[in-house]
Amino acid sequence: MKEYIIEKVKSIFIVLVGISLLSFLLGVVSPGDPAELSLSKYGYSPTPQEIEARRVEMGLDKPIHIQYINWVKNILKGDFGKSFSTKENVTDMIIRKAPVTFKLAMYSIVITSVFGISLGVIAGINKNKPIDNLIKLITNILFSLPTFWLALLFILIFSEKLGILPTSGDGGFKYMIMPAVSLSLITMSTTAMVMRSSMIQEFGKQYYTFAKAKGISKYDLYIKNVLPNAILPVLTILGNFFGSILGGSAVVETIFALSGIGSYAVESVFSKDFPYLQAYVLLTGLAFVLVTSLVDILIIIINPKIRLKGDIYE
Amino acid sequence: MGDIIFEDFNVNFETRKQNVKSVRDMNLTIKSHKITGIVGESGCGKSVLSLSILGLLPDYAKTSGNIYYDNKDITALANRVREKYLGREFGYISQNPSESLSPIRKIRKQFYESLDLVEKNKAEIEKKSIEILKELGFEKPLEVLDKYPFQLSGGQQQRVLTGIAISSSPRWIFADEPTKGLDENIKKDSLELFKKLRSFGIDSTLVITHDIDFAKNLCDEVMVMYSGQIVEMGIDVLDNPKHPYTKGFIESMPSKGMKIMEGKTLSPTEDIRGCRFANRCGCKTKRCDLESPKLYNYENSQVRCFLYDKGE
Amino acid sequence: MNKILGKLSIIVLIIILLVSIFANIISPYDPNFQDKENRLSGFTQEHKLGTDPLGRDMLSRVIYGGRSSILIGVLATLVSMTIGSGMGIISGYFGGRLDKFITSITNIFQALPQMAFTIAIAGVLGPGIKNLILALVISSWAGFSRIVRAEVLKVKEEPYIEAMVYLGSSDLSIILFHIIPNIMPNIIILLTTRIGRSLLSIAALSFLGLGVQPPNPDWSVMINDARLYYRSYPYLIVVPGFSIFITILSINTLGDYLRDIFDIRSEEII
């Protein structure tokens with residue numbers, strides 16, 4: 001158990017260093033001179049002297065590894081630099097925008113889990129029966145739909161034709177329905193597929209046969225005996241999905257005019273606001289690592305064998 | 001009443017590449033009010049036979065023929081109806097006790113849900129489960145109930161399985177390899193346990209085992225299974241074996257000198273005209289390759305071998 | 001059922017490919033020709049699928065619209081597969097420190113949410129087909145590596161591979177003649193599903209203006225072009241979107257079908 005934790009912490013540390021390096025490199029390979037970009041404003045071009053002074057101020061005259069270390073130090077202090085386009089602190093921008101994206105991601109992961117798990121369980125129990133084939137067909141279709149197209153179709157149907165849902169803007173629950181649903185369909189169908197095969201895998205185990213032979217109700221058999229075992233691998237996947245939803249919200253935020261971190265990431269590409277883009281990649285990566293690690297811990301807590309015996313390698 | 005009667009019963013496992021015939025043309029009566037043992041080496045089809053009575057074969061198993069219980073063909077029943085027999089008529093003690101309980105649920109929950117079939121009152125359920133566990137030799141039943149399966153030893157797990165299986169008072173108990181993986185001392189306990197089943201109101205028992213001593217000490221009647229068929233059955237089969245396979249099988253036991261039988265068992269995918277044991281048999285005649293033997297009556301037994309065909 | 005759908009998907013894919021390849025012969029108009037008199041014409045005799053806001057023929061644009069995305073998707077996935085499988089094979093076969101090192105690298109690349117990462121790389125590199133492919137490769141090779149490594153580990157345990165090592169066969173010949181042929185079915189299925197996924201990413205990027213660039217006739221670009229008009233003229237997005245959908249659905253169905261043929265359980269590859 002102790003070894004496992006040490007290994008885990010070590011690998012998380014390596015991953016964190018790695019994603020910080022990659023995010024830093026994004027800034028290095030980005031086109032244009034950061035000093036110039038940070039000074040440029042609409043209708044104003046800085047003089048070479050100003051640019052040179054800014055280069056020193058930003059530490060761009062130092063060797064690249066020193067730049068990286070300084071960059072990381074600043075981030076650890078909560079400073080991601082200033083936006084090239086709005087000249088605002090990137091940290092402030094993120095703090096302002098993150099709640100929108102986080103809320104969107106929460107709704108999406110709830111939809112993903114509730115519908116993905118239920119559909120998967122139903123399909124697994126009814127393996128190869130018509131209902132299973134139907135669910136398979138539906139998940140295959142959802143899995144192949146481009147999110148942005150679906151989002152536009154939703155607007156056409158629910159806002160234009162039926163007029164029941166608002167098209168865009170940040171507001172209450174109603175404003176989140178279409179964005180969250182469009183964002184969750186692919187993850188939901190994947191969850192359903194994984195849940196289904198995980199259930200079917202459990203059906204091959206001895207405890208399933210024994211539990212079935214007890215003559216207990218279907219509910220007791222599938223929900224109380226099989227599901228808690230079958231859901232473990234699905235939890236890992238849901239953790240992954242939460243991270244990828246957080247980092248995959250750009251399209252949906254853009255279409256539904258939600259001012260989250262994703263839609264601004266797209267804008268930042270066009271406005272060459274690279275400090276923001278770096279922060280975006282790093283933070284979504286960080287969130288991913290955090291959530292997946294939390295899920296790992298959760299699974300350890302759920303599994304009594306590991307919890308009580310410290311037996312991580314079953 | 002209560003007998004289990006197989007009629008031309010077959011079980012095939014069809015995969016893309018091959019067709020494994022696990023049980024072949026079974027015509028057999030397993031009598032109620034008795035402890036019956038089916039012995040044979042692994043892969044002979046004995047576990048499949050018991051699972052097919054319970055209706056617990058995997059979906060890709062194809063069956064043909066009938067199984068009668070209480071004069072009803074249970075293979076013809078709808079799944080929904082047939083599942084009602086589980087727990088109430090048929091109890092099952094599966095092999096590998098360590099893998100037979102859900103690893104992440106406490107024993108209590110897994111025990112109670114079985115008792116729930118016959119008793120709805122929570123307090124009664126607890127009382128009854130403690131009673132059963134005590135009878136099965138647990139000194140501190142409450143502690144056992146609060147444990148997870150992995151916290152019990154193999155022998156304890158097996159007793160828990162037995163407790164769960166008998167708690168809903170079925171008429172039949174089917175036990176699959178109950179002694180597999182247990183050491184000698186625990187085997188003795190296990191034997192006592194199975195002898196006691198009657199006192200729990202279990203009317204009939206079918207034990208599937210490859211452990212000859214266990215079967216000899218426990219069973220009223222023994223059936224020897226080989227390559228999907230019963231080759232010999234009777235009340236003193238293991239003391240007085242007749243079929244060449246039974247003789248060889250007994251001699252191959254560690255306690256009887258461990259003389260390994262020559263040759264290999266015919267693959268269950270293979271169909272042949274003659275006797276399925278002929279390729280390993282020391283008493284083989286021409287007839288054995290040409291014709292498939294039936295079960296012939298001889299003394300107290302029925303034997304599937306031409307040596308005992310008295311031309312009736 | 002799967003068989004019929006699988007064969008159907010092959011037919012659909014062949015049609016899509018043929019249409020894309022022979023687009024210049026089939027399409028009634030030059031996809032960039034602007035019929036200024038007939039903007040947003042709706043379905044007419046001259047323009048079977050109507051015209052877009054600039055008066056370009058929708059049918060011609062849809063016929064051309066798969067070309068760049070499919071080409072980019074297939075190329076990017078092939079490159080990712082080559083790099084990823086190579087890493088996975090090295091990592092799984094040789095094990096030890098090399099394995100640890102490669103696994104760490106893949107873990108890093110997999111920790112970045114793919115969409116965010118792809119947007120950032122595509123953004124930093126700037127528009128262009130080469131950069132788009134590069135962005136997709138950087139953000140997706142690691143997925144191959146992880147799965148291929150796991151498959152290699154499985155194959156490596158086979159007794160005959162152990163025997164070959166014992167008998168002194170060279171690593172290269174074992175990898176080329178025994179490991180790769182054994183994991184090939186998995187790689188092919190993985191390739192198929194990943195092409196579908198790349199196409200989805202490319203479509204999203206192009207829609208955001210970070211992928212295939214206008215005036216290139218591309219399905220996603222067409223949808224993006226229509227953003228101001230589609231509420232009044234839904235046909236502007238329905239047909240291009242449906243084309244993307246059918247293409248990806250066929251690829252995914254083909255993947256399922258291949259999985260059945262090779263008899264590989266789906267939970268192994270997701």
Side-chain angles (χ1 to χ4, degrees), chain A residues 11 14-19 21-23 26-27 29-31 133 140-141 143-150 152-153 155-156 159-160 186 190 193-194 197-198 200-201 233 237 243-251 254-255 262 265-266 268-270 274 277-278 280-281 284-285 287-289 292, chain C residues 1-2 5 100 103-105 107-117 119-126 138 193 196-197 199-200 203-205 207-210 219-220 223-224 226-227 230-232 234 237-238 240-242 244-253 256 265-268 270:
Chain A
S11 82
I14 293 173
V15 167
L16 289 181
V17 170
I19 58 180
L21 255 175
L22 285 177
S23 324
L26 281 176
V29 299
S30 63
N133 288 331
N140 269 349
I141 287 175
F143 191 64
S144 308
L145 280 170
T147 310
F148 62 93
W149 184 56
L150 188 76
L152 294 176
L153 291 184
I155 293 179
L156 267 183
S159 307
E160 287 296 316
I186 289 183
T190 316
M193 293 180 210
V194 176
S197 49
S198 184
I200 290 171
Q201 217 165 14
I237 285 194
S244 55
I245 288 173
L246 268 180
S249 59
V251 170
T254 305
I255 291 175
V266 178
S268 73
V269 167
F270 294 112
F274 299 123
L277 204 55
Q278 284 177 292
Y280 174 65
V281 170
T284 50
F288 182 87
V289 174
T292 46
Chain C
M1 181 71 174
N2 263 3
L5 286 177
K100 265 200 174 155
T103 307
S104 300
I105 305 264
N107 281 345
I108 292 167
F109 276 81
Q110 291 229 297
L112 292 168
Q114 198 175 2
M115 198 63 209
F117 196 32
I119 288 176
I121 304 170
V124 166
L125 295 176
I138 294 174
T193 35
R197 235 191 265 183
L199 283 179
L200 276 180
L205 288 172
F207 173 76
L208 291 172
L210 301 169
W219 293 327
S220 313
I223 295 175
N224 194 16
R227 267 165 78 183
Y230 77 96
R231 294 183 193 211
S232 316
I237 64 162
V238 170
F242 194 72
I244 304 177
F245 166 60
I246 283 297
T247 309
I248 294 170
L249 182 63
S250 308
I251 292 174
N252 289 338
T253 312
D256 273 354
R265 295 193 196 297
S266 55
E267 59 264 28
E268 288 171 16
I270 293 154

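Letters A, B, ... are given to chains in the order of the sequence lines, protein chains preceding strands, and every chain is numbered from 1.
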If you count heavy-atom pairs under 4.5 Å between each of [options] and chain C, which one has the most?
{"options": "G27(A), A287(A), P31(A)", "result": "P31(A)"}
{"options": "I19(A), L152(A), V281(A), L277(A)", "result": "L152(A)"}
{"options": "A265(A), S244(A), G18(A)", "result": "G18(A)"}

Can you tell me how far the [atom1] atom of [X] sits from the [atom2] atom of [Y], to the nearest 0.5 Å?
{"X": "F143(A)", "Y": "R197(C)", "atom1": "CZ", "atom2": "CZ", "value": "5.0 Å"}
{"X": "L26(A)", "Y": "L21(A)", "atom1": "CG", "atom2": "CG", "value": "11.0 Å"}
{"X": "N140(A)", "Y": "T253(C)", "atom1": "CG", "atom2": "OG1", "value": "5.5 Å"}

Given that the side chain runs from C-beta out, which part of L145(A) has a heavy atom under 4.5 Å from chain C: side chain, backbone, both or neither?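 Both backbone and side chain of L145(A) come within 4.5 Å of chain C.
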In terms of heavy-atom proximity below 4.5 Å to chain C, should I141(A) be classed as side chain, backbone, both, or neither?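 Contact with chain C: backbone and side chain both.
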Heavy-atom side-chain contact between L112(C) and F288(A) under 4.5 Å: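 They are not in side-chain contact.
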Quick check: closest heavy atoms across L199(C) and T247(C), and the distance to 0.1 Å?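 Answer, listing the atom of L199(C) first, then T247(C): CD1-CG2, 4.1 Å.
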Residue pair A250(A) / G262(A): nearest heavy atoms and the distance that separates them: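 Of all heavy-atom pairs spanning A250(A) and G262(A), the closest is CB-O, 3.6 Å.
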If you count heavy-atom pairs under 4.5 Å with chain A, which of [options] comes out on top?
{"options": "I237(C), I244(C), I251(C), I223(C)", "answer": "I237(C)"}
{"options": "G196(C), A122(C), G126(C), A203(C)", "answer": "A203(C)"}
{"options": "N252(C), N224(C), N107(C)", "answer": "N252(C)"}
{"options": "A116(C), G123(C), G209(C)", "answer": "A116(C)"}

Main chain of L156(A), side chain of S159(A): is a donor-acceptor contact present, judged purely on distance under 3.5 Å?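 No, because the side chain of S159(A) does not come within donor-acceptor range (under 3.5 Å) of the backbone of L156(A).
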Using non-hydrogen atoms only, which part of Y230(C) is less than 4.5 Å away from chain A: side chain, backbone, both, or neither?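 Both backbone and side chain of Y230(C) come within 4.5 Å of chain A.
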